[in-house]
Amino acid sequence: MVQHDLIVRGATLPGRTRRYDIAVTAGRIASITPHVTQPGIAADRCVEEAEGRLVMPGFVDSHVHLDKSCLMGCACGGVGGLKGAIAAVSAAKRGFTSEDVYARGARTLEKAILKGTTHMRTHVEVDPRVGLVSFEAMLELKRRYAFAIDLSVCVFPQEGLTNDPGTEALLLRALDAGADLLGGCPYTDTDPQAQIERLFAIAVERDLDLDLHLDFDLDPHGALLFDICRQATRHAWQGRVAIGHVTKLSAMDEDGFLRAATALADAGVAVTALPATDLYLTGRDRRADIPRGIAPVHRLFAEHGVLASLATNNVLNPFTPFGDGSLLRMAQLYANAMHVRPEGFELCLDLVTRLPARLMRLETYGLEVGAAADFVILDAPDAISALAELPTVVAAYKRGRRTFRCDPARLDAPPEEGL
Ligand SMILES: [Zn+2]
């Protein structure tokens, strides 16, 4: 008889009405059935009563900057805006130590874990100002928190590649030392096209996925996404390239948007919207009719089949002086800012779960038999309520082992109130 290590009883699953039991064996989902009649569970093993609560696959944050999180000290004052944020962090990172980066990164990573994130891609800045200090801290975070989260490390040149001597050599050293993929930021390079070409050359030579910051302004013209699509097609890198922000998509007319969406779909390039940062940094020159500046990724996916995701990006720093690591909150922020109606709420949850899992090419992800038992239990009866109400994440499991538990708040009413 199979010895299950864990059974979650009475779970409500996204898109389904009845309750299910989820059995886990050796860190994988062994069955999802209305009732596990022969649990075969050892006395010292675990049974979790979901009591009708929503169980979802763990949240997947495909774009975070752990290395520069929790820098509120340099988020106050200064000139503000995108250039001001880059300059403030550029000055601060000269003083970074691995211990300092580790401590700030751990604070953000723990928050994300406690909000139900089970997979994350962190970007990390590598250049002559900070060297490999932040990168080495990321490797240590990846190792120490592996019990709760799979951390993928994406090294990138925040302040330019072709104009910043020594940066490429450091990126290559980081890739040799275990970085998972390569990022980029052409808009800070004096020659954006040359940066794009060089990044593709390195990616192809080393068989790496690419994830670039791109088109981060509200001018609908001059989008570099078309260059990215051409390069992805030329190198047969479809399905291995993601671009983040792409706020130009929010400013295009319908014809322009259609051309961009078609190019992205044909080239297999994914788009990640970063609502907290995009709302905070774009349109700052306006005093009325302030634009949202968020790429409509739900439309890209639903109407054009472009792989898309929503992610956290920055937490408590000059780029975004907010953040609790919650992707559920990010999905709600996106839905609210983008006029998404309740019938679109489940898609917004897909944008922080199964779609970024595809973007990150996670092979064992999902609430299905055989997948890794990485899931969360939310204090909500269904997916629409979860997006609308931001319920407590009451527990998360990583490879079938519980990583935390958090009981929802309950009123302490005096007995005579009869509540
Ligand atoms: Zn970013």
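Ligands are counted one by one from 1 in listed order, and the atoms in each one are counted from 1 as well. Since the model is a prediction, treat every value here as computed from it, not as a measurement.
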Let me see the working for M330 and K115 under side chain to side chain contact (heavy atoms under 4.5 Å, CB included), right down to the final yes or no. CA-CA 11 Å; M330 203 54 61; K115 296 294 185 183; over 6 Å; no
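- Seen from the Zn ion (ligand 1), atom NE2 on H213 and atom OD1 on N313 lie at an angle near 170° (rounded to 10 degrees).
- For H65, the nearest N, O or S atom to the Zn ion (ligand 1) falls under 2.8 Å.
- Residue H63 counts as close to the Zn ion (ligand 1), with an N, O or S atom under 2.8 Å.
- When only modelled atom types and interatomic distance are considered, Q158 and K93 share no side-chain donor-acceptor pair under 3.5 Å.
- For the pair R284 and Y280, the cation sits on the ring face: its NZ or CZ lies under 6.0 Å from the ring centre, inside 45° of the axis.
- The aromatic ring centres of Y187 and H245 sit 6.0 Å or more apart.
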